[in-house]
S.K.: 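Pasting a structure here, questions to come.
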Amino acid sequence: MTSTVEQLQSKFSQALVAAFGEDFATTDPMVVEATNPKFGDYQCNIAMSLTKPLKSNPRAIATQIIDHLSLDEICETPEIAGPGFINLRLKTNYLETQLQQMLGDERLNIPKVIPPQGIIVDFSSPNIAKEMHVGHLRSTIIGDCIARILEFRGHEVLRLNHVGDWGTQFGMLITYLRSVYPEALTTADALDLGDLVEFYRQAKVRFDQDETFKETSRQEVVRLQAGAEDSRRAWQLLCEQSRREFQLIYNDLDIKLTERGESFYNSFLAQIVEELDKIGLLVENQGAKCVFLEGFTNKEGEPLPLIVQKSDGGYNYATTDLAALRHRIETEKATRIIYVTDAGQSNHFMQVWQVAKRAGWIPENVELVHVAFGIVKGEDGKKLKTRSGETVRLRELLDEAVNYAKTDLENRIKEEGRTETEEFINQATQVVGLSAVKYADLSQNRTSDYIFSFDKMLSLQGNTAPYLLYAYVRIQGISRKGNIDWQQLGIDVKVVLETEAECVLAKHLLQLQDVLKEVSEDLFPNRLCQYLFELSQKFNQFYEQCEVVKAEEPQRTSRLALCDLTARTLKLGLSLLGIPVLERM
């Protein structure tokens, strides 16, 4: 199904050519959703922008456009308002036909894109030998949501986890463990990950204070890079233990990833430096090999260098990211590469991409995107930390969300005087707790910081996961109370829209396709959250104003079909956010 706004844009584009000639074939007709329902459902704003090129007043231009429009199957007669706005109202029978097509399609009549694009989404990216913390939450949740939406639209998506599993920190940790806990380097799971993290902290302190230890650690990195058997074995044990711990969190959050850690690109790093040197981009500066950047300066106003090989012969993040970028373009064949990291990484990506472009490694058909996000704050408005001032561990945060949801549900069950099994309570609170955390993040404009509050995110009122889950549960309750099998409604239901509330809900149901297209382009998941929130509101208004189960036919079946479409749309939309639905709450 071509979406309503796409159909209107096409019709107006044809009218522009018919009225003013082929010069206007590529002109954006500027068809948008109306800002106020009293003006209609959509409006075309192109007439004002054509005043100068056509040397005519906008109302006259709008009249000419309407004279060449063919919208009889979609809209009522267009109206000109103000200086030249063209207002459009959708016909009721058009809405009814579109809804009936949605009913008969498991994808709600949303087509897949043709041709699909090869897209890489780089997200999550924790560091080995460290625990995942709240900072990884946003990357993981936002990246997963973006990948889900792109996959649903039909793109070929590779979800990459660029874990920190290489470099100086391993030389430092292995060196330290050799002296304080050598068993951890030869025996699997000799330490808990929490203990390993503490040893890492101690190793870092010693690395910063002890020059001899620092040099030994650097030599250990050289041994690791050279493939020394004992070093490689120790490294593998540390990586495997961390991966298992990460996977427990990914399983809880239903996150799927393919690992391409920093170590994956190690064998390509020397070639990166060699090729940059060959094309004349490399400059030696204080023993390090650098590319001096255009548009980036240091505090003294001098050109800023991007170091690709350190004075001791080692490599850094920039070198690895350059190698990863080339591999993703040349081997993975991606034409759109999306990096989901905090906003603080923006300059780093701009610098790496500049070097890659100057080296000629980024073809014109490849798009690079940094999906930047802000920080998570506590209710005191400061960066979310534990009482002792440490970064909040993600495992503890998720467990607390589930426990908080459990307490809330048990209190409501007690207040309502009902009895539920422990199995139901545990399953429901797992879904509600984790979904609340995901939705609280995704419903924010990702570029903004946001306040983390269990009370707000678990509320049954407002733009929260429980509110949306409850809207879905309410519809399932209709089927239970009315003994209705949604499957038995059939796909040949005749939808009849007679009230304003029905039409408002119907129009909103038709907008999902446009919302998903928008999110896949600008990569702001909060647009989908807002759509689902408004859908829940419009459904509740419809249900309060329109009798459903006790209505006379054909209204009864038609309104049941509207309920079913709303539930299916909510379920699909929530699944694209990584949130499963519940049949009862």
S.K.: Do any N or O atoms from the side chain of Ser536 and from the backbone of Leu532 form a donor-acceptor pair under 3.5 angstrom?
M.R.: yes
S.K.: Does any N or O in the side chain of His348 come within less than 3.5 Å of the main-chain N or O of Gln345, such that one atom is a donor and the other an acceptor?
M.R.: no
S.K.: Under the side-chain hydrogen bond (donor to acceptor under 3.5 Å, both in side chains) rule, collect the residues that match up with Glu400, sequence neighbours excluded.
M.R.: none
S.K.: Is the shortest heavy-atom distance from the side chain of Met132 to the side chain of Ser124 under 4.5 Å?
M.R.: yes
S.K.: Under the side chain to side chain contact (heavy atoms under 4.5 Å, CB included) rule, what do Leu253 and Asp144 come out as? Steps first, then yes or no, please.
M.R.: CA-CA 10 Å; Leu253 294 174; Asp144 176 62; over 6 Å; no
S.K.: Side chains of Asn463 and Tyr439: is there a donor and an acceptor less than 3.5 Å apart?
M.R.: yes
S.K.: Hey, is the main chain of Val308 close enough, under 3.5 Å, to the side chain of Thr319 for a donor-acceptor pair?
M.R.: yes
S.K.: Is it the case that atom CD in Glu364 sees more than 12 heavy atoms from other parts of the structure closer than 6.0 Å?
M.R.: no
S.K.: Within a strict 4.5 Å, meaning less than it, do heavy atoms of the Lys377 and Lys383 side chains meet?
M.R.: no
S.K.: Taking the side chain from Asp195 and the backbone from Leu191, do they hold a donor-acceptor pair closer than 3.5 Å?
M.R.: no
S.K.: Please name all residues satisfying side-chain hydrogen bond (donor to acceptor under 3.5 Å, both in side chains) with Asn298, sequence neighbours left out, ordered by chain then number.
M.R.: Glu302
S.K.: How about Leu269 and Gln309: do any of their side-chain heavy atoms sit closer than 4.5 Å?
M.R.: no
S.K.: Going by distance alone, is a donor N or O of one side chain under 3.5 Å from an acceptor N or O of the other, for Gln202 and Tyr176?
M.R.: yes
S.K.: Using a strict cut-off of less than 4.0 Å between a Lys/Arg side-chain nitrogen and an Asp/Glu carboxylate oxygen, indicate whether Glu220 and Arg178 qualify as a salt bridge.
M.R.: yes
S.K.: Looking at Val273, is its backbone amide N or carbonyl O close enough to the side chain of Asp277 to form a donor-acceptor pair, meaning the two atoms are under 3.5 Å apart?
M.R.: no
S.K.: Whether the Gln430 and Asn426 side chains hold a donor-acceptor pair (N or O, under 3.5 Å, no angle test) is what I'd like checked.
M.R.: no
S.K.: Would you call Glu229 and Arg232 a salt bridge, taking side-chain N to carboxylate O under 4.0 Å as the test?
M.R.: no
S.K.: Report yes or no: does Ser448 contribute a side-chain atom to a donor-acceptor pair with the main-chain N or O of Gln444 at less than 3.5 Å?
M.R.: no
S.K.: Once the angle between the rings of Trp166 and Trp235 is folded into 0 to 90°, is it parallel (under 30°), tilted (30 to 60°) or perpendicular (over 60°)?
M.R.: perpendicular
S.K.: Should the pair Phe452 and Tyr450 be assigned to parallel (<30°), tilted (30 to 60°) or perpendicular (>60°) ring geometry?
M.R.: tilted
S.K.: Less than 3.5 Å apart, any donor N or O on the side chain of Asp455 or Ser453 sitting next to an acceptor on the other?
M.R.: no
S.K.: Are side-chain heavy atoms of Ile119 and Glu156 found at a separation under 4.5 Å?
M.R.: no
S.K.: More than 12 non-hydrogen atoms from neighbouring residues, nucleotides or ligands closer than 6.0 Å to NZ on Lys571, yes or no?
M.R.: no
S.K.: Which class fits the ring pair Tyr265 and His327: parallel under 30°, tilted 30 to 60°, perpendicular over 60°?
M.R.: perpendicular
S.K.: So, does Thr421 use its side chain to make a donor-acceptor pair with the main chain of Phe424 at under 3.5 Å?
M.R.: yes
S.K.: Does Tyr317, at its OH atom, have more than 12 non-hydrogen atoms belonging to other residues, nucleotides or ligands within less than 6.0 Å?
M.R.: no
S.K.: Would you tell me whether Glu423 and Gln427 have side-chain atoms, one donor and one acceptor, within less than 3.5 Å of each other?
M.R.: no
S.K.: Does Glu422 pair with Lys406 as a salt bridge, N-O distance under 4.0 Å?
M.R.: yes
S.K.: Does Val432 reach the side chain of Met585, with side-chain heavy atoms less than 4.5 Å apart?
M.R.: yes
S.K.: Please name the pair of heavy atoms, one in Ile249 and one in Arg395, separated by the smallest distance, quoted to 0.1 Å.
M.R.: CG1-NH1, 3.7 Å
S.K.: Taking the side chain as every heavy atom from C-beta outward, state whether Glu131 and Val197 have any atom pair closer than 4.5 Å.
M.R.: yes
S.K.: Look at the side chain of Thr464 and the backbone N and O of Ser459, then say whether any donor-acceptor pair between them is shorter than 3.5 Å.
M.R.: yes
S.K.: Is the Phe349 to His370 ring centre distance short of 6.0 Å?
M.R.: yes
S.K.: Please evaluate residues Arg159 and Ile120 with respect to the criterion side chain to side chain contact (heavy atoms under 4.5 Å, CB included), reporting the C-alpha separation (whole Å), side-chain torsions for both, the decisive distance (0.1 Å), and the verdict.
M.R.: CA-CA 6 Å; Arg159 301 152 157 262; Ile120 285 174; over 6 Å; no
S.K.: Scan Val366, Ile272, Ile329 and name whichever one has a side-chain contact (heavy atoms from CB on, under 4.5 Å) with Trp361.
M.R.: Ile272
S.K.: Does Phe246 have Arg243 sitting over its ring (NZ/CZ under 6.0 Å from centre, angle to axis within 45°)?
M.R.: no
S.K.: Could you check whether atom CD of Glu521 has more than 12 heavy atoms from other residues, nucleotides or ligands sitting under 6.0 Å from it?
M.R.: yes
S.K.: Is the Phe207 ring parallel, tilted or perpendicular to the Phe213 ring (thresholds 30°, 60°)?
M.R.: perpendicular
S.K.: Flag the pair Lys382 and Asp449 as a salt bridge only when some basic side-chain nitrogen lies within less than 4.0 angstrom of an acidic carboxylate oxygen.
M.R.: no
S.K.: Any donor-acceptor pair under 3.5 Å linking the side chain of Arg446 with the backbone of Ile142?
M.R.: no
S.K.: Would one find more than 12 heavy atoms of other residues, nucleotides or ligands at under 6.0 Å from atom OH of Tyr470?
M.R.: no
S.K.: Can you see whether Asn161 engages Tyr250 through a side-chain donor-acceptor pair at a distance of less than 3.5 angstrom?
M.R.: yes
S.K.: In this structure, which one of Thr341, Asp522, Val340 forms a side-chain contact (heavy atoms from CB on, under 4.5 Å) with Val371?
M.R.: Val340
S.K.: Is there a donor in the side chain of Glu275 and an acceptor in the side chain of Gln271, or the other way round, less than 3.5 Å apart?
M.R.: yes
S.K.: Can you tell me if CG on Leu158 sees more than 12 non-hydrogen neighbours from other groups inside 6.0 Å?
M.R.: yes
S.K.: For the residue pair Asp230 and Arg223, establish whether any side-chain heavy-atom pair is separated by less than 4.5 Å.
M.R.: yes
S.K.: For Gln530 and Ser443, which I'm curious about, is there any donor-acceptor pair between the side chains at under 3.5 Å?
M.R.: no
S.K.: Check Leu108 against Thr569 and note the closest heavy-atom contact, atom names and distance.
M.R.: CD1-OG1, 3.5 Å
S.K.: Does any non-hydrogen side-chain atom of Ile579 lie less than 4.5 Å from one of Leu468?
M.R.: no
S.K.: If you compare all heavy atoms of Leu469 against all heavy atoms of Pro580, which two are closest, and at what distance to 0.1 Å?
M.R.: CD2-O, 3.4 Å
S.K.: Check Glu284 with Lys289, please: is the shortest side-chain N to carboxylate O separation under 4.0 Å?
M.R.: no
S.K.: Does a sphere of radius 6.0 Å around NZ in Lys456 hold more than 12 heavy atoms from other residues, nucleotides or ligands, not counting ones at 6.0 Å or beyond?
M.R.: no
